[in-house]
Structures are given as structure tokens and as C-alpha cells.
Amino acid sequence: MKPFYITTAIDYTNAPPHIGHAYEKVLADVMARFQRAQGREVYFLTGVDQHGQKVQKSAEQAGQSPEDFVAGVTSHFTALWQQLEVRPDGWAATTDERHKRVVQAMLQRLHDDGQLYKKSYRGFYSLRQEQFLTDRERDENGEFGPQWGEVVEFEEENWYFRLGQHVAWLREFIRSHPDFIFPAHRAAEVLHALEGPEQDLCISRPIERLSWGIPLPFDPRFVNYVWFDALSNYLSFAGYLGQECGNADLPAFEPLWPADAQIIGKDILVPAHAVYWPIMLHALGFSDEQMPRLVVHGWWNVRGAKMSKSLGNVIDPKLLAATFSGDGLRYYLMRDIATGYDSDFSDERLLMSYNKELAGGLGNLLNRSLNMAHQYLGGVVDWSDHDDEHNQALRRTVAEALPAYLKAMNGWGIDEGIAAAWSVVTAANAFVDATKPFMLAKDPAQGARLRSVLAHLAEALWHVSALLDPVMPTAMAKVREQLALPLPDGFRIDQLAWGVLPQGHQLAKPTPVFPRIDPASLAPPASA
RNA sequence: GGAGAUAUAGCUCAGUUGGUGAGAGCGCGGGAUUCAUAACCCCGAGGUCGGUGGUUCAAAUCCACCUAUCUCCA
């Protein structure tokens with residue numbers, strides 16, 4: 001089977017990351033880990049978009065070179081990925097020389113193929129925002145407002161990509177390939193956007209206006225502007241044109257392409273990823289079968305409103321991870337949203353999911369199970385030959401959780417996958433109550449039954465740790481440390497079966513994996 | 001002006017291809033218990049499934065229209 005190639009949007013290094021950035025990368029990381037657990041080879045690519053006018057301008061304002069400025073902002077992202085256990089295999093930084101060479105080679109190909117042309121455009125230009133304005137920017141009086149500063153009319157030459165030529169192909173492609181975009185209903189938005197006039201795409205800026213970019217190989221008085229620089233990272237860092245560009249240290253492209261999942265937010269679906277991107281690929285000669293698959297996720301709103309700097313409701317994932325741990329935050333971000341839809345971020349629900357579910361549910365289950373095993377049996381797993389309907393019911397719950405989990409996870413239902421794993425936690429806690437090992441321990445005649453109950457609990461916990469491993473890698477490794485049995489080499493989650501813990505296995509001592517957090521110790525939530 | 005999404009118990013949401021008396025978690029109330037991170041377990045809500053009108057033997061689940069909210073496009 002081909003390797004599972006998964007990408008995320010690359011983040012613009014103009015401001016530090018917020019909760020939405022964290023969500024997208026965690027989602028990709030969970031899927032990457034899950035696919036590996038299914039025995040699939042994975043290439044997970046994420047990174048940063050570092051070029052462009054805003055960065056150039058922000059750097060000037062900060063009195064820094066663009067290089068230093070992007071290095072500073074980029075470090076916020078890499079530190080967060082470290083903290084959240086997001087572990088990509090490839091790092092796509094658009095200032096990377098390897099990337100620049102591929103972009104130039106791609107542009108040269110398109111140029112040689114007649115896909116690019118130069119033309120002159122006359123229009124109104126905002127000196128403050130450094131961009132051409134269209135009628136859309138006019139206010140109700142037909143004027144350009146004061147936010148644009150001084151507006152001048154002038155004419156400028158630029159390079160254009162023959163986007164319009166391929167629109168008919170794209171319409172047909174989207175109609176005939178319902179798998180191109182997940183969730184499927186998003187395709188309607190794209191088709192709607194394609195109804196307008198077929199316009200070409202401006203892909204350059206004169207070097208006097210923008211120097212922080214990749215020069216056009218066939219006309220060095222211009223640098224490439226945005227799309228061929230940013231979107232092409234999915235190709236360049238997967239090894240596209242690697243040989244002719246001398247990028248020997250990148251993966252081999254043929255086995256990897258097409259991308260199995262390109263995770264993006266709904267805000268950059270149209271036009272960038274659903275229009276420009278497939279058309280770029282098509283123009284480069286990629287066939288319909290070589291088109292990637294887009295996975296469009298929703299947004300985390302805050303109290304029903306869009307998160308924005310001006311509202312002052314931007315959520316900082318770094319602080320949340322410091323309080324709830326990387327895994328605590330990963331768990332919340334994965335369980336409290338349905339992939340593809342929006343959700344509301346809530347401090348209260350984050351605290352609830354941590355204290356009630358992780359600490360009170362799973363953490364406490366591990367703690368009470370191991371504690372009893374040590375108190376009554378010296379921490380030894382002893383599969384006695386006793387069996388009864390309680391044991392059978394727990395084994396059945398564990399057995400039924402796996403297919404439900406696999407189905408959900410393979411269909412991007414991470415929240416449902418977690419729920420499937422959680423059915424074991426709930427059943428195991430009820431199992432303790434029903435079998436009362438602490439009572440059995442008082443009656444020597446019940447020894448065989450007691451040993452079977454505690455063995456069942458330890459085994460069930462190991463299964464839970466395996467299922468939730470992609471979501472909470474560090475915490476689940478800790479669980480298995482206490483169960484004294486790590487994931488074996490080449491472990492396959494899809495082949496998980498009862499009977500992992502051997503007879504006579506010695507368990508380790510329990511320590512809280514998710515220490516309860518006292519709500520009173522938290523800073524009061526900033527009210528909007 | 002157009003498009004998409006969403007509207008289900010106090011809150012956050014599940015509800016496959018329409019079919020036994022509509023569900024989960026949290027919160028709340030009651031009970032039980034002690035192995036455990038004041039934790040875990042059991043019971044309880046009777047909610048016109050946004051509204052109206054259709055299709056059907058049968059609709060939260062299909063169709064039409066309407067309303068509200070959110071997002072995007074113009």
C-alpha cells in the first residue's frame with residue numbers, strides 16, 4: 001500500500017499561533033499516528049509560510065530583517081508543536097532553498113508550456129496597504145475609505161497564470177470525484193464559486209514593491225506572489241522535481257503522491273485549495289487520479305463568535321497546555337468537535353473533560369485497578385480459570401470497541417473513536433462496582449474470581465491505552481509504564497486481541513497520570 | 001442579492017439507507033459504596049426533535065415553503 005501522505009496548511013509567520021492552529025496540527029498528528037498504528041507508512045508534512053508583503057512590512061516595523069523576523073515567529077510555532085507532541089516527518093518552510101528551487105522549476109515549466117503571460121494592469125493602488133483595490137473596497141459613497149491611506153491610480157506589469165483555461169476541467173472533476181473534498185457538502189461551495197467569470201491569476205509582484213519572495217526564473221525583475229510559493233510546498237517537500245533540483249534529502253515523490261489528506265480550515269478552501277491548487281496541478285500535467293484529497297475542518301469559536309484579535313478573545317494554546325498538559329489539551333480538542341464542523345471553545349468544558357473524564361474516569365480506573373492488584377495480589381497478573389458473565393461482558397465490550405474505533409478513526413470521526421475507547425473505561429468502572437474485588441479479597445474462597453477480575457481490569461486498561469495512543473501519546477505511554485508493558489515493536493492496532501498481558505506478569509505501582517486540577521487554582525477566565 | 005451549515009432534554013451535542021415507547025455526557029435531585037485522584041456505581045428529566053404544509057401504512061430522519069443564528073461569496 002502506498003504511504004499515507006498527510007499535510008496541513010502552512011501557517012503564516014506574521015503572528016503567534018492560536019487555538020485554531022493547534023487544533024489543525026493535532027488533528028493531523030493524531031491521524032498520522034493512527035495510520036502508523038494500522039501498519040501504514042506515513043509521511044506527515046507541516047510547516048510555515050514565510051514570504052510575502054505582510055511579513056516584509058511587519059519586519060520593517062519591528063526594525064528587523066525579514067529573515068530574523070520570521071525566525072522569531074516560527075520559533076513560537078515549533079515550540080508549540082514540541083509542547084503538543086505534534087511530530088511531523090517533514091518541515092515545510094517556504095524560505096527553504098530546496099523549496100525555492102522547486103518553485104522556480106515549476107514556474108519555468110509552466111512558462112515554457114505557455115501557461116504564464118505578462119500583461120499590464122491599470123488600477124487604484126493603496127500605498128498604505130500596498131495592494132491594488134477593486135470596486136469591492138469602495139464604500140457606500142463609491143470612495144476608498146481612510147483605512148487605505150493615500151490611493152493612487154497607476155499601471156503595472158505583472159505575470160499571470162492561465163487559470164481560466166482550466167475552470168471547465170475543474171468543474172467536471174469536482175462533479176465526478178465526490179471524494180475530492182471531505183466533508184462532501186463543501187463541494188457545493190466550490191462549484192458555486194466557479195460560476196463566475198473565468199479570470200486568470202496574478203502570480204507576481206515587481207521586485208521594487210516586494211523583495212521578500214522567490215524571483216521568477218524567466219524574469220528576475222519580479223518575485224512570485226503567494227500561490228505558487230505557498231501551495232507548492234505540498235509538492236516540493238514531498239520530493240517533486242527533487243532530482244532535477246538536487247533535493248536528494250527529500251522523500252521520493254512517486255510513491256508518496258497523491259496526498260491522502262490535506263488538512264485545511266474552511267476559510268482557505270475557496271479559492272486557494274479547491275480552485276487554484278488543483279488547477280495548478282492540472283496545468284503541471286497531473287492526471288485526475290493524481291489529485292490530492294482535501295479534508296476541511298471547522299473552526300473553534302469563542303462564545304459563538306469568531307475568534308479575532310479585535311475582539312480580544314484569542315485563545316493561547318501554550319497557556320492551556322501548560323495547565324492541562326499537551327495531552328489534556330489534545331484530548332479536549334479531539335473529543336469536543338466533530339471533524340468538519342465548528343465547535344465552541346469553553347474553559348469550563350476543557351476543565352470538565354480533564355477532571356471528569358481523564359482524571360476521574362480513566363486515571364482513577366487505572367489507579368484503583370493497580371492499587372487493588374498490589375494490595376491483594378502483589379501486583380501479579382494471574383489469569384485464573386474462573387470465568388463468569390461479568391468477565392464475559394467486559395471482554396465483549398473490549399472486543400466491540402475495536403471495530404467501532406477503527407471505523408470512526410478511518411472516517412475522520414476522531415470524537416467517535418474516542419467515544420468507542422471510552423465505552424471500555426465506562427464498562428470497566430462499572431465492572432469494578434459489579435464484581436466488588438475489595439469484597440472478594442476478604443473471602444479466601446473467592447481467590448480465583450478475584451484474580452480473574454483484576455487480570456481483566458489490567459488487560460482492559462492496556463487496550464484503552466492502545467486505542468487512545470494516537471490522541472494522547474505521552475499519557476498512554478505512562479499508562480503502559482504502570483501496566484509494565486509497552487507497545488511491542490510493529491504493534492498493529494487493527495490486530496489488537498484479548499490476552500496481551502501474560503500469565504504472571506508483574507504490574508508497576510500506580511501514580512496519577514492525570515492529576516486532578518483544582519478549579520480554584522485556575523485564573524478566572526478572561527471575560528469578553 | 002446568492003450559496004452553504006446549523007436549529008433535538010437547563011448546557012454541549014449523537015441520532016447510519018425513514019419503522020419497537022427519541023438518546024449520551026455535563027449540570028441538577030435522590031440512593032448505594034469504599035478499592036481509588038472527594039473518586040466510582042445505580043435511579044430520575046417526561047424535551048410539541050425551529051415553524052407550517054406535504055409524501056408514506058410509518059418521519060427528528062424524505063419534499064416544499066417559512067423563521068432564526070453562523071459562515072462564505074457577490
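Letters go in sequence order (proteins before strands), and every chain restarts at 1.
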Requested in this report: Please work out the stems of RNA chain B from pairs that are Watson-Crick or G-U wobble with both distances under 3.5 Å, keeping only runs of three or more consecutive pairs.
Outcome: B:1-7 with B:67-73, B:10-13 with B:23-26, B:28-31 with B:41-44, B:50-54 with B:62-66
Query raised in the report: What interatomic distance, in whole Å, is found between P of A32(B) and the corresponding atom of A22(B)?
Result: 32 Å
Query raised in the report: Distance between the C1' atoms of U33(B) and C42(B), in whole angstroms?
Result: 11 Å
Query raised in the report: Whole Å only: how far is the CG atom of Leu366(A) from the P atom of U37(B)?
Result: 12 Å
Query raised in the report: For the rings on Tyr331(A) and Trp422(A), is their centre-to-centre separation under 6.0 Å?
Result: yes
Report summary line: Closest of U34(B), U71(B), G25(B) to the Trp299(A) side chain is U71(B)
Query raised in the report: What nucleic acid atoms does Val270(A) come within less than 4.0 Å of, heavy atoms only: base, sugar-phosphate, or nothing?
Result: nothing
**Report entry** Nearest-Å distance once atom P is located in both G1(B) and U20(B)
**Finding:** 42 Å
Query raised in the report: Cut-off 3.5 Å, side chains only: do His297(A) and Glu24(A) have a donor facing an acceptor?
Result: yes
Query raised in the report: What are the residues of residues 398-408 of chain A, sorted by number, that bring a heavy atom to within less than 4.0 Å of RNA chain B?
Result: none
Requested in this report: Starting at atom CD of Glu416(A), determine the distance to atom P of A24(B), rounded to an integer number of angstrom.
Outcome: 17 Å
**Report entry** Donor-acceptor contact present, side-chain Ser423(A) to main-chain Ala420(A), <3.5 Å
**Finding:** yes
Query raised in the report: Taking the six-membered ring where the residue is Trp, are the ring centres of Phe514(A) and Phe324(A) under 6.0 Å apart?
Result: no
Report task. Compute the ring centroids of Phe228(A) and Tyr276(A), then answer whether they are less than 6.0 Å apart. Result -> no
Query raised in the report: Rounding to a whole Å, what distance do you find between Ile337(A):CD1 and G25(B):P?
Result: 22 Å
Report task. Among U71(B), G25(B), U37(B), find the nucleotide with the atom closest to the side chain of Arg335(A). Result -> G25(B)
Query raised in the report: Is the Trp383(A)-His456(A) ring centre distance short of 6.0 angstrom?
Result: yes
**Report entry** Between G4(B) (C1') and Glu189(A) (CD): distance, integer Å
**Finding:** 5 Å
Query raised in the report: For Gly361(A), which contact category applies under a 4.0 Å heavy-atom criterion: base, sugar-phosphate, or nothing?
Result: sugar-phosphate
Query raised in the report: Looking at the rings of Phe180(A) and Phe173(A), which for Trp means the six-membered one, are their centres under 6.0 Å apart?
Result: yes
Query raised in the report: Do the ring centers of His390(A) and Phe431(A) come within less than 6.0 Å of each other?
Result: no
**Report entry** Nearest-neighbour nucleotide for the Ala359(A) side chain, C41(B), U37(B), C35(B) considered
**Finding:** U37(B)
Query raised in the report: Taking atom C1' of U33(B) as reference, at what distance in whole Å does atom NZ of Lys442(A) sit?
Result: 11 Å
Query - First encountered from the 5' end of RNA chain B, between Thr511(A) and Ala193(A) - result: Thr511(A)
Query raised in the report: Is Asn371(A) touching bases, backbone alone, or none of the nucleic acid, heavy atoms closer than 4.0 Å?
Result: sugar-phosphate
Query raised in the report: NA contact type, Tyr376(A), heavy-atom cut-off 4.0 Å: base, sugar-phosphate, or nothing?
Result: sugar-phosphate
Report summary line: Ranking C40(B), U6(B), U37(B) by distance to the side chain of Tyr341(A), first place goes to U6(B)
Report task. State which of C35(B), C41(B), G4(B) makes the closest approach to the side chain of Ala430(A). Result -> C41(B)
Report summary line: note: Asn355(A), atom CG; C26(B), atom C1'; distance rounded to Å ~ 13 Å
Report task. Ignoring the backbone of His185(A), work out which of A5(B), U37(B), C40(B) is nearest its side chain. Result -> A5(B)
Report summary line: Side-chain contact check for Phe438(A): nearest option of A5(B), G25(B), C35(B) is C35(B)
Query raised in the report: What integer number of Å spans the P atoms of A24(B) and G44(B)?
Result: 9 Å
Query raised in the report: Where the side chain of Val432(A) is defined as all heavy atoms beyond and including C-beta, which of C35(B), G25(B), U34(B) is the nearest nucleotide?
Result: C35(B)
Report task. Using the ring of Phe4(A) (Phe, Tyr or Trp, six-membered ring only), decide whether Arg40(A) places NZ or CZ under 6.0 Å from its centre and within 45 degrees of its axis. Result -> no
**Report entry** Atom P, compared across G4(B) and G29(B): separation rounded to whole Å
**Finding:** 46 Å
Report task. Would you classify Gly360(A) as touching base, sugar-phosphate or nothing, given that sugar-phosphate means primed atoms plus P, OP1 and OP2, and contacts are heavy atoms under 4.0 Å? Result -> sugar-phosphate
Report task. Could you give the distance separating G51(B) and U8(B) at their C1' atoms, to the nearest angstrom? Result -> 15 Å
**Report entry** C1' atoms of G30(B) and A68(B), separation to the nearest Å
**Finding:** 38 Å
Query raised in the report: Between Trp498(A) and His463(A), is the gap from one ring center to the other below 6.0 Å?
Result: yes
Query raised in the report: Between Tyr225(A) and Trp159(A), is the gap from one ring center to the other below 6.0 Å?
Result: no
Query raised in the report: Nearest-Å distance, CZ (Arg186(A)) to C1' (C72(B))?
Result: 9 Å
**Report entry** Short side-chain N/O contact from Lys356(A) to OP1 or OP2 of C40(B), under 4.0 Å
**Finding:** yes
Report task. Report yes or no: do Arg449(A) and Asn391(A) form a side-chain donor-acceptor pair below 3.5 Å? Result -> no
Query raised in the report: Rounded to the nearest Å, what distance is computed from the CZ atom of residue Phe182(A) to the P atom of nucleotide G4(B)?
Result: 19 Å
List, with names and distances, any nitrogen or oxygen atoms from the protein found under 3.5 Å away from nitrogen or oxygen atoms belonging to nucleotides 7-13 of chain B.
none

Query raised in the report: Do Asp336(A) and Ser343(A) have side-chain N/O donor and acceptor atoms under 3.5 Å apart?
Result: no
Report task. Working to the nearest 0.5 Å, report the span between CD1 of Ile414(A) and CG of Leu27(A). Result -> 5.5 Å
Query raised in the report: If the P atom of G25(B) is compared with that of C43(B), how far apart are they to the nearest Å?
Result: 10 Å
